[in-house]
Each structure stands twice: as C-alpha cells, then as structure tokens.
Amino acid sequence: MRVLINCTGFIGDILFASSVAQQLHTQATNKDKLIVDYLIHLYQPYELLCNNPFINEVHLFDCDKSIYDTVYNLHEIDFNVQPPKYYQIQCGIKNPTTEFEVYTNKAFDAAVAKTLQPIKDQGLKVIAYLNNWEERSFLFTEEEYKKGIDVPNFGYGGSHRKVEYILEELNKEANILMIPVGMPPGYNVREADFNNVSEYSMQASFLKNCDYFIGAEGGLCNLAAGVGTKTIITGDFIHQLYGWNGVLRKIQEPKLGPENYFTTVAHLTLNPYLTDREVVQSIKDIVNEK
C-alpha cells in the first residue's frame with residue numbers, strides 16, 4: 001500500500017500533517033507493506049520530515065502521483081478543530097490525536113546541547129523569542145476588540161506590541177538569557193531554497209534545547225512545541241484574526257496554539273487583552289515559578 005500525503009500549506013501546516021504518517025502505521029493491518037511518502041512545497045522542513053521514522057520519502061514541489069494507491073490532498077485547516085487532528089481526519093484516521101512530533105538532527109542536537117550547557121550550568125534559563133514577533137502582534141483593549149474597527153496592518157487597536165520594550169524588561173532578569181530565532185521581519189518563507197534546510201533543522205535543535213519559546217502563533221512556535229519545548233505566546237494574533245470578532249474569520253474558540261495540541265506539556269496562550277507591561281510580568285511569573 002503506497003500512500004502520498006500532499007501538504008499544500010505553510011511550515012506549521014506541514015509539521016501538523018507529519019502526524020498522519022505515524023497514525024497510518026498505527027492503524028495499518030500490514031505495517032511492513034505500508035509506504036507513506038510526503039509531497040511538500042517549502043524547503044525548510046524537508047530534513048525534519050526525512051528524519052521521521054514513519055515517512056519513507058519526502059518529495060519537494062512535484063512527484064509522480066500515479067504510482068500511489070492513495071493520494072491525500074490536504075485541505076485548508078478548519079480553525080474549529082486542532083490542525084493535527086483535522087489533517088488526520090482528512091486521511092481517514094479512525095482515532096485522531098491532537099499531538100505531533102518533530103524529529104530533529106541528532107548531530108545538531110548534540111552540538112547545540114554542548115554549546116548551551118555552560119550557560120545552563122550558571123543557572124540561566126535560555127528563552128528563544130520570535131525574531132519577527134512584533135509584526136505578528138496586535139495591541140488592543142477588550143473594548144477596541146468589541147468595536148472591531150480594523151486599522152490595516154495594525155489591527156483593532158491601531159498598533160503592534162512594543163516587543164523591544166518587552167525584551168528589554170525580560171533581559172533585566174538575571175536568570176534569563178534571551179536569544180532570537182527565525183528570520184527577520186518581512187522575510188518571505190517561499191523565497192527559501194536548499195541552503196535554508198540545514199538552517200531550519202539547526203533551529204529545531206536549538207529550540208529543543210531551550211527552556212521556553214516566547215512569541216506569537218506560527219511556524220516556529222509550532223516547531224518549538226513539536227520538539228517538546230514549552231511555549232508562551234501572546235493571544236492577540238490569533239484573537240485579532242480568528243477570534244469571536246476576528247478580522248479574517250469569526251470563531252468563538254479557535255483551536256490554534258500549542259496549548260490546544262498537547263496535554264502533557266504546560267504550553268500557555270496569554271490573555272489577548274494584556275498590556276505589554278502585563279505580558280512582561282506574566283512571562284516573568286511563569287519562567288520563575290518553582
């Protein structure tokens with residue numbers, strides 16, 4: 001039985017969809033004869049999927065679909081259902097789950113662990129933060145959200161969060177080391193090529209060795225969750241776009257963010273109406289709790 005999973009979405013969607021391979025093997029009656037291949041349309045997660053023991057081959061951009069018994073062309077996610085579960089349902093999984101796992105490069109894991117160990121030996125907590133966090137943030141009050149007057153590119157409150165201030169305040173904590181991850185603001189993920197594959201794989205290993213990831217919902221947030229790192233994200237991005245009065249979709253409780261996917265790891269989505277000062281205090285309280 002040859003199966004092809006055709007992932008047409010962005011990086012996070014590909015990571016979510018990778019969970020299908022294991023579930024297909026779990027429910028297969030003849031696992032030895034099951035072949036599960038993937039077709040993806042972005043370079044970055046290529047190696048991570050190649051590392052997945054339940055995936056036989058990963059194709060980039062095109063392949064001969066005629067050789068497969070079944071081809072699943074994954075549709076756009078339904079924000080009312082957790083994305084990993086939704087993709088599994090599309091592929092006929094009988095007992096879908098909400099979790100997914102990212103399989104990293106072991107050599108990169110070891111190199112990053114060796115680099116960060118002296119820092120951790122000093123009692124510091126290593127926190128990765130999203131490099132383009134500010135452009136994926138919105139600052140609004142509950143009243144502004146209710147009114148729903150959208151300022152293009154700035155949301156219902158007319159401004160992004162002052163992420164520079166948030167980072168400055170967190171950097172004042174003696175037990176925290178903040179390190180940026182991801183590409184700078186304005187970067188187009190579709191401009192990547194094979195040169196970016198190892199870079200993204202290294203980021204996965206770096207995130208795996210961090211104590212926390214902070215930022216907004218998106219590919220790197222989901223990558224961090226997939227390698228088992230705790231995430232703390234501000235809820236404004238999801239709320240602005242897909243909340244009960246969202247500008248793109250109006251959903252009472254959108255099932256986005258790692259806290260909706262994993263039950264055994266304490267992932268957190270902060271209240272979307274928090275001020276920047278309150279965001280700082282919330283992160284400090286979480287990181288410093290015993």
Side-chain angles (χ1 to χ4, degrees), residues 1-105 188-201 203-204 217-223 225-227 242 248-249 254-256 258 260-261:
M1 177 71 172
R2 296 178 66 94
V3 177
L4 178 68
I5 311 297
N6 181 18
C7 307
T8 59
F10 284 97
I11 296 174
D13 300 315
I14 295 171
L15 300 179
F16 296 143
S18 68
S19 65
V20 172
Q22 181 175 355
Q23 295 304 314
L24 285 173
H25 278 274
T26 297
Q27 73 175 28
T29 54
N30 195 339
K31 296 177 176 55
D32 293 336
K33 292 187 177 181
L34 176 63
I35 295 174
V36 181
D37 293 349
Y38 274 65
L39 173 59
I40 63 175
H41 302 268
L42 291 170
Y43 284 99
Q44 290 92 329
Y46 176 78
E47 181 184 7
L48 300 178
L49 264 66
C50 288
N51 292 337
N52 190 315
F54 301 99
I55 297 175
N56 294 83
E57 187 172 359
V58 182
H59 303 285
L60 273 166
F61 303 108
D62 196 17
C63 68
D64 182 3
K65 296 181 181 179
S66 67
I67 67 173
Y68 293 95
D69 300 295
T70 303
V71 176
Y72 292 109
N73 297 303
L74 301 186
H75 308 301
E76 182 181 350
I77 62 174
D78 179 344
F79 299 101
N80 292 290
V81 182
Q82 298 92 335
K85 184 176 183 178
Y86 186 63
Y87 284 139
Q88 291 170 34
I89 291 172
Q90 287 185 41
C91 297
I93 301 302
K94 297 176 182 177
N95 296 299
T97 67
T98 61
E99 299 187 1
F100 62 98
E101 183 175 356
V102 173
Y103 294 85
T104 52
N105 181 311
N188 185 346
V189 297
R190 296 197 181 278
E191 294 177 353
D193 55 25
F194 263 120
N195 293 322
N196 298 95
V197 172
S198 292
E199 179 182 7
Y200 192 77
S201 188
Q203 286 185 342
E217 197 277 337
L220 278 174
C221 166
N222 295 313
L223 178 61
V227 298
Y242 309 112
L248 295 184
R249 296 270 302 272
K255 301 299 183 181
L256 294 176
N260 287 292
Y261 317 144

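A distance of 10.0 Å separates CD1 in I55 from CG in L48, rounded to the nearest 0.5 Å. Taking CD1 of I14 as the start and CG of L42 as the end, the distance is 4.5 Å to the nearest 0.5 Å. For the atom pair Y86 OH and I77 CD1, the distance stands at 9.0 Å (nearest 0.5 Å). With rounding to the nearest 0.5 Å, the separation of CG in L34 from NE2 in H25 is 4.5 Å. Note that the NZ atom of K33 and the CD1 atom of I35 stand 11.0 Å from one another [nearest 0.5 Å]. For the atom pair CG (N105) and CD (E47), the distance works out to 4.5 Å, reported to the nearest 0.5 Å.
Atom CG of D64 sits in a crowded spot, with more than 12 heavy atoms from other residues, nucleotides or ligands closer than 6.0 Å.
Nearest heavy-atom pair across Q88 and E99 is NE2-O, 4.1 Å. The shortest non-hydrogen separation linking C63 to Y68 is SG-CE1, 4.4 Å. Considering every non-hydrogen atom in both S18 and N52, the closest pair reads O-ND2, 3.9 Å. A pairwise comparison of heavy atoms in Y38 and V20 identifies OH-CB, 3.5 Å as the closest pair. Taking each heavy atom of V197 and Y43 in turn, the nearest pair found is CG2-O, 3.3 Å. Contact detail for V81 and K255: the closest heavy-atom pair is C-CB, 3.7 Å.
Panel note: side chain Y261, backbone A225; no donor-acceptor pair is recorded below 3.5 Å. In this structure, the side chain of N56 does not engage the main chain of D37 through any donor-acceptor pair within 3.5 Å. With hydrogens and angles disregarded, no donor-acceptor distance shorter than 3.5 Å links the side chain of N196 to the backbone of Q44. Looking only at distances, no side-chain donor or acceptor of Q90 sits under 3.5 Å from a matching main-chain atom of Y72.
Y87 places a side-chain heavy atom less than 4.5 Å from the side chain of D13. In this structure, T104 and S201 have side chains that are not in contact, with every pair of non-hydrogen atoms separated by 4.5 Å or more. Proximity of Q27 to N95: side-chain heavy atoms (C-beta onward) are nowhere separated by under 4.5 Å.
Using a 3.5 Å distance cut-off with no hydrogens or angles, the side chains of T98 and Q82 do not pair a donor with an acceptor.
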Without placing hydrogens or testing angles, list every side-chain donor-acceptor pair under 3.5 Å for residues 1-12, not counting sequence neighbours.
residue: N6; atom: OD1; partner: H41; partner atom: NE2; Å: 3.0
residue: N6; atom: ND2; partner: N73; partner atom: OD1; Å: 2.9
residue: T8; atom: OG1; partner: L74; partner atom: O; Å: 3.4

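When the side-chain hydrogen bond (donor to acceptor under 3.5 Å, both in side chains) test is applied to N51, no partner is found at least two apart in sequence or on another chain. Every side chain to side chain contact (heavy atoms under 4.5 Å, CB included) that Q22 has, sequence neighbours left out, goes to T26, F54, Y103.
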